[in-house]
Number of protein chains: 2
Amino acid sequence: MNDKNTTGTEAWNETEETGRIKVAEAGFETPQSREVSKATIARLPLYLRFLQEENSKGKTHIPSEALARSVSVSPVLVRKDLAAVAATPGVPRKGFATVRLIADIEKFLGYDNLSDAIIVGAGGLGKAFLGYEGFKNNGLNIVAAFDCDEKIIGERISDKPVYAMEELESFVQKHMIRIGIIAVPKAAAQSVLDKMVGAGIRAVWNFAPAPLIAPKGVVLKTEDLAASLAILAGELCRVREN
Amino acid sequence: MNDKNTTGTEAWNETEETGRIKVAEAGFETPQSREVSKATIARLPLYLRFLQEENSKGKTHIPSEALARSVSVSPVLVRKDLAAVAATPGVPRKGFATVRLIADIEKFLGYDNLSDAIIVGAGGLGKAFLGYEGFKNNGLNIVAAFDCDEKIIGERISDKPVYAMEELESFVQKHMIRIGIIAVPKAAAQSVLDKMVGAGIRAVWNFAPAPLIAPKGVVLKTEDLAASLAILAGELCRVREN
DNA sequence: ATTTTATCGATAAAAAATTATCAATTTGGC
DNA sequence: GCCAAATTGATAATTTTTTATCGATAAAAT
């Protein structure tokens, strides 16, 4: 009915924001290639964390209610999310098998097959990413950084090499990199994006506070810390007025 | 039989995820203290960026459709968002007055009256935040950092002082800080949160990849970079299969 | 072995968010 | 001053997401 009219009527959602994600056909256990909402996907890593925590405490089963409380949503929603994503069904009177569920979620999120990525910009934010402990277990493997600052080219940051911008294209092509992270000042962001796309990168995670334009077919996600902040600040107001 | 056992009625959404935010009564122009959804609030900063961009190009008016395209969302939704938030009505045949709209949104988001905040953890991520250019104009003013690493205590990072953890409580109380940012390793996060809350902080922005527990009345937002990443990776999959 | 009970999963209902439609309005040109 | 074009804003329709209800089921208790 609606659906990728592309050029016809409406033209919004070009590179982003399709809202639903089709489970790759290659999956095995995954129920039947269902569509899963972004909201659900955003909750998955939160479930995961809690599950890992509980697993390390020796809990073999977790009821949906415990999960629910840890993420501040209703138990029913947890069950619905899991039904859409996990192969393992829950068992009455006990809950979900911790390790199986962890495996299912990690698989769904693609944490099992690491994706290599590069980062451009080895300044403050870039350096932080290169050392961020959270990525190790989350399917993202940053293999190199690129920068135009002569002083740091050739060095290693958190054990990752820093190359000159000129080497980006050949490196990306040689290693078949598909994911790029932008951590440069606002003014340079668009040109970095263009360079990445030209080299063959298909998904870009942008941390520069600038609205970028990506060609069709390239996934661009601009991480908006200001947006998150706004929500936090808003809630703070709400709390303040008791 | 049913759930909602535990304590009394429902217990989920304690510290977060209320979903709607009441506009502070103190507002002047804001239509009539309406409720605005989180989804709307998350779009606001994106509108803002585009508006500032266009404003600097000299455009005095922006139609909802241009805004819509820049954020990849429908024009109707833009108008609905703005109706909920902006005092200035759009003008037929021209669009919304750029500068007025910018002012309205900034005011709504609280970017006009800066909130002071502290950050705990002056390692990689913390350093990045201390220097992040995006905060300057977004209502957040990081005034000091705290760390337990003797080597950096007493120094200045991006012109902000670094203090010892012991000084946190007195500093927070003296300066009446209400917002805290956590940028420490996972293992230390909960204890930092507790310390912050004990000192009087009411809203916490957590960047450690750990599920924390905050007492009721404290707003806790755990920024989940892994979750964002999952969404990006998912979309990449989708794109890959053409 | 039977009963009890906690927990799931499916279905239905409700609420929320987004999109479609269209009359109303204001600008800009004639 | 009048007409046409563009754009808003309000209302209605649709879709999506979340919550509620309840029978089914399997573990634990008796």
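Lettering of chains follows the sequences in order, A, B, ..., and the numbering in each one begins at 1. All values derive from a computational prediction rather than experimental measurement.
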* Asked: Does B:Asp112 come within less than 4.0 Å of B:Lys107, counting only side-chain N to carboxylate O?
  ->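 The answer is no: the pair does not qualify as a salt bridge.
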* B:Arg69/B:Glu65 ion pair, N-O < 4.0 Å -> yes
Can you identify which nucleotide, out of [options], has its nearest atom closest to the [X] side chain?
{"X": "A:Pro92", "options": "C:dT27, C:dG9, D:dA26", "value": "D:dA26"}
{"X": "B:Lys94", "options": "C:dG28, D:dA10, C:dT18", "value": "C:dG28"}
{"X": "A:Val76", "options": "C:dT19, D:dT19, C:dT27", "value": "D:dT19"}
{"X": "B:Ser74", "options": "D:dA27, C:dA10, C:dT19", "value": "C:dT19"}

Separation of [N] [atom2] from [X] [atom1] (nearest whole Å):
{"X": "B:Arg43", "N": "C:dT19", "atom1": "CZ", "atom2": "C1'", "value": "12 Å"}
{"X": "B:Leu77", "N": "D:dT14", "atom1": "CG", "atom2": "P", "value": "19 Å"}
{"X": "B:Phe96", "N": "C:dT26", "atom1": "CZ", "atom2": "C1'", "value": "14 Å"}
{"X": "B:His61", "N": "C:dT26", "atom1": "NE2", "atom2": "C1'", "value": "12 Å"}
{"X": "B:Arg79", "N": "D:dT11", "atom1": "CZ", "atom2": "C1'", "value": "13 Å"}
{"X": "B:Leu67", "N": "D:dT7", "atom1": "CG", "atom2": "C1'", "value": "13 Å"}

* Asked: Side-chain N or O of A:Ser64 less than 4.0 angstrom from OP1 or OP2 on C:dT7?
  ->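 So the side-chain polar atoms of A:Ser64 never come under 4.0 Å of the phosphate oxygens OP1 or OP2 of C:dT7.
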* Asked: Should A:Arg93 be listed as having a side-chain N or O under 4.0 Å from OP1 or OP2 of C:dT5?
  ->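 No.
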* Take A:Phe207 and A:Val184, measure what side chain to side chain contact (heavy atoms under 4.5 Å, CB included) needs, and give me the verdict at the end. => CA-CA 8 Å; A:Phe207 283 84; A:Val184 300; over 6 Å; no
